[in-house]
Amino acid sequence: MGDTTRQPVLEETLGDAPTTHAKLLAWVAEVSELTQPDSVYWVDGSEAEYARLTDQLVEAGTLQRLNPELFPNSFVGSSDPKDVARVEERTFICSEKEADAGFTNNWMDPAEMKAILRERFAGSMRGRTMYVIPFVMGPLDAEQPQYGVEITDSAYVVASMRIMARIGTDVLRKMEAEDAFFVPALHSVGAPLEPGEADVVWPCNEEKWIVHFPEERSIWSYGSGYGGNALLGKKCYALRIASVIARDEGWLAEHMLILKLTSPEGKAYNVAAAFPSACGKTNLALLDPTIEGWKAETLGDDINWMRIGKEGELRGVNPEYGLFGVAPGTGWGTNPNAMRAIAKGNSIFTNVALTDDGGVWWEGMTEEVPAHLTDWQGNDWTPDSGRPAAHPNSRFCTPISQIDMLAQEYYSPDGVEIHAILFGGRRKTTIPLVTQARSWTNGIFMGSTLSSETTAAAAGAVGVVRRDPMAMLPFIGYNAGDYLKHWGTIEGKANPERLPKVFLVNWFRRTADGGFAWPGFGENSRVLKWAIERIEGTADAKETPIGYIPTGESIDLTGLDMTPEQVEEAVKVDPREWKEELKGIEEWYARFGDALPDELAAELKQLQARFA
């Protein structure tokens with residue numbers, strides 16, 4: 001590292017740095033010396049900067065400008081085909097002790113991992129600009145703003161981070177004023193350029209590492225330029241590192257949407273909901289209720305940080321500033337609220353198809369399929385091509401402020417009180433349309449055993465039941481058993497009267513003839529109405545071994561072509577199916593070993609006894 005030719009860059013880094021934050025300056029100098037960029041640029045977050053960076057990305061061929069009449073100020077990019085999704089097998093939690101990572105995470109000794117990463121990062125930014133992005137997760141005027149700084153050599157990451165988080169000079173000034181702690185998040189695409197070497201359209205490295213050091217609250221990401229691997233404020237900080245901070249400070253960092261519902265009487269309720277991928281999360285976050293007089297507003301589509309409020313209530317805040325949604329399946333027919341936000345422009349699309357008039361398209365966007373497209377890899381495409389036009393994990397990155405139904409409380413620094421928590425998976429049988437938990441601990445049991453059947457979108461066999469506790473399986477930053485234990489501690493910290501009621505939902509249950517037992521989409525507002533009426537103590541329910549289910553008459557079917565008998569079929573608890581389910585839960589819990597909380601082992605025993 002003693003390269004004398006590096007001195008001018010280092011002096012420029014420290015001499016011209018627009019900050020007095022000593023720890024940040026020291027870290028930037030250390031990274032600059034390690035990665036050896038051609039220049040260091042401090043991101044200010046301005047519109048002029050965004051325009052300049054996107055112009056550069058268009059010139060480099062990484063982005064293409066869309067037709068401004070169709071999608072104003074919007075761009076589309078196509079990644080390297082080997083860099084299209086999260087790489088869970090290359091994602092590590094490097095806690096000091098292996099036991100603290102638990103069975104759901106990949107682990108390596110932190111010192112050993114640092115040695116590997118230092119070798120990879122050495123000189124990794126040669127020929128590139130190193131961007132320093134100060135950012136904050138959640139409102140800047142929160143009581144405890146959660147700061148981060150991402151260092152990256154990707155202008156695409158800078159442009160995307162501007163949509164996804166609050167970034168730039170305002171954040172930096174507040175960090176300085178408070179001499180604030182920040183999460184250092186280091187990212188490189190791992191593609192240094194030698195003098196005179198031409199760049200590629202999507203620089204990345206075949207070798208990828210997404211690594212979290214929970215004790216020191218730091219993130220290192222190498223080799224990928226895509227999505228959650230590179231936008232480190234998202235899953236890396238907001239879930240994996242934040243879940244550890246939350247454990248240590250007594251709050252919850254969760255993979256949940258937040259939805260505000262207002263009754264015809266004008267009373268507001270806030271619902272948080274955790275769903276694994278492909279289980280209807282974005283559609284619920286942007287719900288159009290079908291029951292007269294009810295209004296839905298969104299507060300968040302992906303992440304919910306919940307703290308105990310001054311009166312012992314659980315308060316949720318969405319720490320993100322944008323939507324980073326899976327495009328296929330998001331359409332005018334299924335999710336008009338998302339489409340209206342996207343149609344306003346100011347978005348970056350990745351790996352979607354291009355229409356001949358300079359717009360974008362993906363499977364499910366419109367009922368009518370265009371006769372000709374350019375697919376996500378730049379090839380001609382027609383409906384007879386026999387392959388998808390957009391990649392199944394293609395994305396839209398759109399400012400959250402463009403959602404027409406965004407609740408004003410989204411901007412509130414202390415968030416909103418959460419009245420109900422929903423856990424939902426995708427199961428053809430066994431799990432009823434909706435079940436209310438008997439207690440907070442019983443609700444944790446429901447969340448901890450949350451399951452979905454694998455779909456064709458995932459590698460491997462279809463129809464296999466995959467457990468996904470609280471929809472957090474890939475995102476828990478520490479031992480999953482300790483994570484469930486931490487959920488249990490919330491009850492003792494909160495006002496028990498103000499704790500949210502917990503419900504398990506399954507929009508995907510099938511009838512005997514293979515059809516859906518419930519229409520889903522906007523009609524899910526009827527299930528939410530029943531949940532709210534349960535909170536108010538006005539809706540009927542029937543007790544079963546697994547919890548409380550609606551009676552046929554207790555769900556509002558006004559204007560819906562469905563009978564109370566069909567509702568009862570959709571919520572039926574079949575002991576034969578549950579015999580198999582209990583076996584699956586027992587096998588799942590065995591994987592936790594000694595880390596499984598005693599109260600959850602007791603919940604399973606009680607459930608087995610109720611069925612016996």
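- Between the side chains of N506 and R509, no donor-acceptor pair is found at a separation under 3.5 Å.
- A donor atom on one side chain and an acceptor atom on the other are not found under 3.5 Å apart for T449 and W588.
- No donor-acceptor distance shorter than 3.5 angstrom exists from the side chain of Q436 to the backbone of G547, with no hydrogens or angles considered.
- In this structure, E69 places its CD atom where only 12 or fewer heavy-atom neighbours from other residues, nucleotides or ligands lie under 6.0 Å away.
- Not one N or O on the side chain of S385 forms a donor-acceptor pair closer than 3.5 Å with the backbone of R387.
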side-chain hydrogen bond (donor to acceptor under 3.5 Å, both in side chains), that's the test. Do S79 and N351 meet it? Break it down for me. CA-CA 7 Å; S79 70; N351 295 342; 2.9 Å; yes
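- Proximity of a side-chain donor or acceptor of T62 to a complementary backbone N or O of V201 within less than 3.5 Å is detected.
- Ion pairing of R426 with D468 is absent here, as no side-chain N (NZ or NE/NH1/NH2) approaches a carboxylate O to less than 4.0 Å.
- Here W376 and W362 keep their ring centres 6.0 angstrom or further from each other.
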Just do the salt bridge (charged side-chain N to carboxylate O under 4.0 Å, His left out) check on E88 and R90 with the steps written out, would you? CA-CA 5 Å; E88 286 178 24; R90 305 296 297 163; over 6 Å; no
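- Among all heavy-atom pairs drawn from K501 and I535, the shortest one is CG-CG1, 3.8 Å.
- Remark: the backbone N or O of A390 is not paired with any side-chain donor or acceptor of S394 at under 3.5 angstrom.
- The two residues P139 and V317 have their closest heavy-atom pair at CD-CG2, 4.0 Å.
- In this structure, R510 forms a cation-pi arrangement with F516, its terminal cationic atom sitting closer than 6.0 Å to the ring centre and no more than 45° off the ring axis.
- No donor-acceptor pair under 3.5 Å is formed between the side chain of W381 and the backbone N or O of D375.
- In this structure a side-chain-to-backbone donor-acceptor pair under 3.5 Å is present from Q566 to T563.
- The minimum heavy-atom distance linking T398 with S347 is given by the pair OG1-OG, 2.9 Å.
- For F423 and F275, the ring centers are positioned 6.0 Å apart or more.
- Heavy-atom contacts from other residues, nucleotides or ligands closer than 6.0 Å to OH of Y321 number 12 or fewer.
- Residues S412 and D414 bring a donor and an acceptor atom of their side chains to less than 3.5 Å of each other.
- Between W305 and W251, the distance from one ring center to the other falls under 6.0 angstrom.
- Taking the centre of each ring, W202 and Y156 come in below the 6.0 Å mark.
- The closest donor-acceptor contact from the side chain of D404 to the backbone of R340 lies at 3.5 Å or more, if one exists at all.
- From K208, atom NZ reaches atom OG1 of T91 across 11.5 Å, with rounding to the nearest 0.5 Å.
- Between the side chains of T262 and W294, no donor-acceptor pair of N or O atoms lies under 3.5 Å.
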In sequence, state the C-alpha distance, the side-chain angles, and the governing distance for Q402 and N346, and then conclude on side-chain hydrogen bond (donor to acceptor under 3.5 Å, both in side chains). CA-CA 9 Å; Q402 294 183 183; N346 307 304; 2.7 Å; yes
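- The pair E581-R427 counts as a salt bridge, with a side-chain nitrogen and a carboxylate oxygen less than 4.0 angstrom apart.
- Here the CG atom belonging to L286 is positioned 12.0 Å from the CE atom belonging to M339, to the nearest 0.5 angstrom.
- A salt bridge links D302 and K234; the closest N-O separation between the charged side-chain nitrogens and carboxylate oxygens is under 4.0 Å.
- With 3.5 Å as the limit, one finds a donor-acceptor pair spanning the side chains of E254 and W487.
- Using a 4.5 Å heavy-atom cutoff, the side chains of N379 and T374 are not in contact.
- T538 and E536 share no side-chain donor-acceptor pair at under 3.5 Å.
- Here the closest non-hydrogen pair linking V527 and V434 is CG1-CB, 3.7 Å.
- At least one test fails for R240 against the ring of F475: distance under 6.0 Å to the centre or angle within 45° of the axis.
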Decide yes or no on side-chain hydrogen bond (donor to acceptor under 3.5 Å, both in side chains) for N229 and S224, but give the supporting numbers first. CA-CA 6 Å; N229 304 329; S224 172; 3.1 Å; yes
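- The distance from the CG atom of N524 to the NZ atom of K529 is 15.0 Å, given to the nearest 0.5 Å.
- Interatomic distance, N304 CG to L259 CG, rounded to the nearest 0.5 Å: 12.0 Å.
- For the pair T334 (side chain) and T330 (backbone), a donor-acceptor distance under 3.5 Å is absent.
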Checking Y410 against T298 for the side-chain hydrogen bond (donor to acceptor under 3.5 Å, both in side chains) test, could you report, in this order, the C-alpha distance in whole Å, the side-chain angles of both residues, the deciding distance, and whether it holds? CA-CA 8 Å; Y410 164 78; T298 194; over 6 Å; no
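- Minimum heavy-atom separation, G300 to N318: CA-ND2, 3.3 Å.
- Within a 6.0 Å radius of NZ in K344, other residues, nucleotides and ligands contribute more than 12 heavy atoms.
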Run the salt bridge (charged side-chain N to carboxylate O under 4.0 Å, His left out) test on R534 and D540 for me, step by step, so that the C-alpha distance in whole Å, both residues' side-chain angles and the decisive distance to 0.1 Å come before the verdict. CA-CA 8 Å; R534 287 296 294 162; D540 286 338; over 6 Å; no
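- Under the 3.5 Å distance criterion, with hydrogens and angles disregarded, a donor-acceptor pair is assigned to the side chains of R395 and N393.
- The pair K572-E568 fails the salt-bridge criterion, with no side-chain N (NZ, NE, NH1 or NH2) lying under 4.0 Å from an Asp/Glu carboxylate O.
- For N67 and D357, the side-chain atoms include no donor-acceptor pair closer than 3.5 Å.
- With rounding to the nearest 0.5 angstrom, the NE2 atom of H419 is 9.0 Å from the CD1 atom of I532.
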